[in-house]
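Given the structure is predicted, the values throughout are model-derived calculations rather than measurements.
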Amino acid sequence: MVAKTFQGLEDVLAEELRQLGAVNVEPGRRMVSFEGDLAMLYKANMCCRTALRILKPIYKFTASDPDALYEMIKEFDWTGVLSLDKTFCIDTVSNSEEFTHSRYVTYRVKDAIVDFFRDRMGPDCRPKVRVTDADVMINVHIAGERVTVSLDSSGESLHKRGYRVAQTEAPINEVLAAGIILKSGWRGDCPLVDPMCGSGTFLIEAALIAAGINPGVYRRKFAFESWRDFDAELFDSIYNDDSSERTFAHKIYGADISPKAVAIATENIKSAGVSRYIDLQVRPLQQWTEAPEEDTPGVIITNPPYGERISSEDMDGLYSMIGSKLKHVFGGYHAWIIGYREEYFRKIGLAPSFKMPIFNGALECELREYIMFAGDYRSFRREGGSIRTEAARPEKYSPRRTSDREWREDARRQGLSVGKPNRKDRESGRFGKGRDFGGNREFGKKRDFGGKDRDRDSRKPFESKSQESENPLATRRNENALKMVIGREPSLPKSSDGTLMRPRRGWKKK
């Protein structure tokens, strides 16, 4: 099977799958491949907090053009997957010079499936296509000439948990929020604070992690429930298994300057049934004068405005205030902040212990950790502390690169015939570049199986190495850098004969 995720969360998802009992877990690029039985398929959908969808590959072959693709799809026995009373839809991901239009590929695959049933059962016998809420969702992935056909067992993206009843402007994705929390190492053993909580996604995902509540319990339906081999009794036992739930001894603290955002977060928290774990209030950042009264320092995880869809009148002042509050209020805490602009991160005025590029929607952001030690830095180091802590760094891994021989043998095990791979096949990975895809039970009851424009500013962060330079003038037309040097007279050393270099033309000493 294949679990899709966001880039940067592959190692977290791999660990989740291992803990569920998956075998042969191999992280890749925005995906993790693994093996398991039918129960593992159900658990992956129910329990994985960082998976976007779970795919089950059923057919692999090579095709050099759309006609060859049509013929190979038509040769597959679709009666084991579809029947005339079922609807289906097709999602195509193509990374190939031979198949440049994914929509055309979708049409050819659809025609081949329909013709398969017409040839065997009559011209009027065919399953119907439904774009949304189809009974069977088919995923077609093409890398070069390699084609992998999979069944999408999830249906709607798994980030749509089902508890969200309202949202603020630009809410963070639930899978991304859960991934950041797990990346931080927080598992409910200390308090967690989000002082700019918005619609409450970090708060709710943290409560689910701390209490051991599976994120899938809120879902109304998974796509595998419409499969012909769906085992309702097996899924019922997995769905209602609460053995992972546990007691949470601390508290999750959330606040926001906007009363409307806090009202929305309150509704979402009630919908998720985790109100008892969360302390929520309307509170501007400047009113945080002391940390929560708990026995142990905790973790701060927040997603401040980027100046894109959500902005502040004084963005520089906001990020400067974040740094000030971290230093003077949250001593002993570890702070994890996701941001978009390098110039705003600089306003925090603190050295990060960990940095990782990560996408938030279409924005290429960065996740940073700041360790807020109590007292002065020398005492902190004397006690064995370190800002550059290796414990904060994610485990490194090498994405799986499947050789031609392995891929061909995998296809032959399914009784398929594959052609000779070309050079592009040998250079590509097994699954190539994927695509990031982007609802309520009554809490506590068992389930019944009876029936706004983006800012067009070109100064994007982390776009080049020059923008990460310590030299503020290394970035072309960097207005912030110019502000730093305008009005400052250069200090020049005396030459060997005691004379000074003449001042710049037009320089007016203030």
Side-chain angles (χ1 to χ4, degrees), residues 3 9 12-22 36 38-51 54 154 158-165 174-175 177-194 200-222 224-225 231-254 265-280 294-296 298-299 301 439-449:
L9 300 182
V12 179
L13 177 55
E15 183 57 30
E16 283 194 278
L17 290 165
R18 292 187 188 101
Q19 292 181 0
L20 289 175
L38 191 61
M40 186 64 230
L41 177 77
Y42 296 165
K43 288 180 182 178
N45 279 280
M46 274 290 301
C47 306
C48 284
R49 305 180 192 277
T50 56
I54 309 297
S154 305
L158 294 176
H159 85 272
K160 297 182 178 180
R161 311 290 202 211
Y163 60 69
R164 192 191 292 273
V165 295
E174 291 87 338
V175 163
I180 291 174
I181 295 171
L182 294 175
K183 200 89 176 175
S184 75
W186 190 85
R187 300 295 185 272
D189 50 353
C190 63
L192 183 140
V193 179
D194 183 359
T201 308
F202 275 127
L203 307 178
I204 297 171
E205 292 297 326
L208 299 183
I209 291 171
I213 301 172
N214 292 326
V217 298
Y218 306 98
R219 298 264 297 197
R220 288 176 179 168
K221 185 181 179 182
F222 294 95
F224 59 73
E225 295 179 55
D231 189 334
E233 184 177 352
L234 174 62
F235 182 54
D236 189 22
S237 65
I238 295 172
Y239 188 95
N240 296 294
D241 180 13
D242 58 358
S243 60
S244 63
E245 297 185 12
R246 54 187 177 268
T247 303
F248 177 41
H250 298 277
K251 203 79 172 178
I252 298 166
Y253 300 88
T266 300
E267 290 300 311
N268 290 333
I269 290 168
K270 287 181 179 179
S271 175
V274 292
S275 300
R276 61 189 180 277
Y277 304 121
I278 300 172
D279 185 322
L280 181 63
E294 297 238 8
D295 297 335
T296 178
V299 171
I301 300 180
N440 290 326
R441 72 158 179 165
E442 187 174 351
F443 199 76
K445 290 190 176 182
K446 291 191 174 183
R447 186 163 178 177
D448 180 15
F449 289 98

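Of the possible donor and acceptor atoms, none in the side chain of E15 sits under 3.5 Å from a partner among the backbone N and O of V12. Using a distance-only test at 3.5 Å, with no hydrogens or angles considered, no donor-acceptor pair links the side chain of K270 to the main chain of A265.
Note that OG of S271 and CD of E267 are 8.5 Å apart. Values are rounded to the nearest 0.5 Å. Atom CZ of R49 and atom CD of E174 lie 13.0 Å apart (nearest 0.5 Å). The CG atom of N45 lies 3.5 Å from the OG atom of S154; values are rounded to the nearest 0.5 Å. Taking CG of L38 as the reference point, atom CZ of F224 lies at 8.5 Å (rounded to 0.5 Å). A distance of 9.0 Å separates NE2 of H250 from CH2 of W186, quoted to the nearest 0.5 Å. From L41, atom CG reaches atom CD1 of I54 across 7.5 Å, with rounding to the nearest 0.5 Å.
Contact record, C190 with G298: SG-CA, 3.8 Å, taken as the closest heavy-atom pair. Taking every heavy atom of both residues into account, E16 and L182 meet most closely at CD-CD1, 4.1 Å. Shortest non-hydrogen contact noted between M40 and G21 is SD-C, 4.0 Å. Across all non-hydrogen atoms, the minimal contact from A51 to L158 is O-CB, 3.2 Å. Of all non-hydrogen atoms in E205 and A177, the two that sit nearest each other are CG-CB, 4.2 Å. Here the shortest heavy-atom pairing between M46 and N214 reads O-CB, 3.5 Å.
Using a 4.5 Å heavy-atom threshold, the side chains of T201 and Y163 count as touching.
For the pairing with V274, the side-chain contact (heavy atoms from CB on, under 4.5 Å) check across N268, I252, L208, L203 returns one residue only, L208.
Aromatic ring orientation, Y239 versus F235: perpendicular (interplanar angle above 60°, classes split at 30° and 60°).
Within 6.0 Å of NZ in K43 there are 12 or fewer heavy atoms belonging to other residues, nucleotides or ligands.
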Problem - Audit row: V175, R161, side chain to side chain contact (heavy atoms under 4.5 Å, CB included) steps and yes/no - result: CA-CA 9 Å; V175 163; R161 311 290 202 211; 3.9 Å; yes

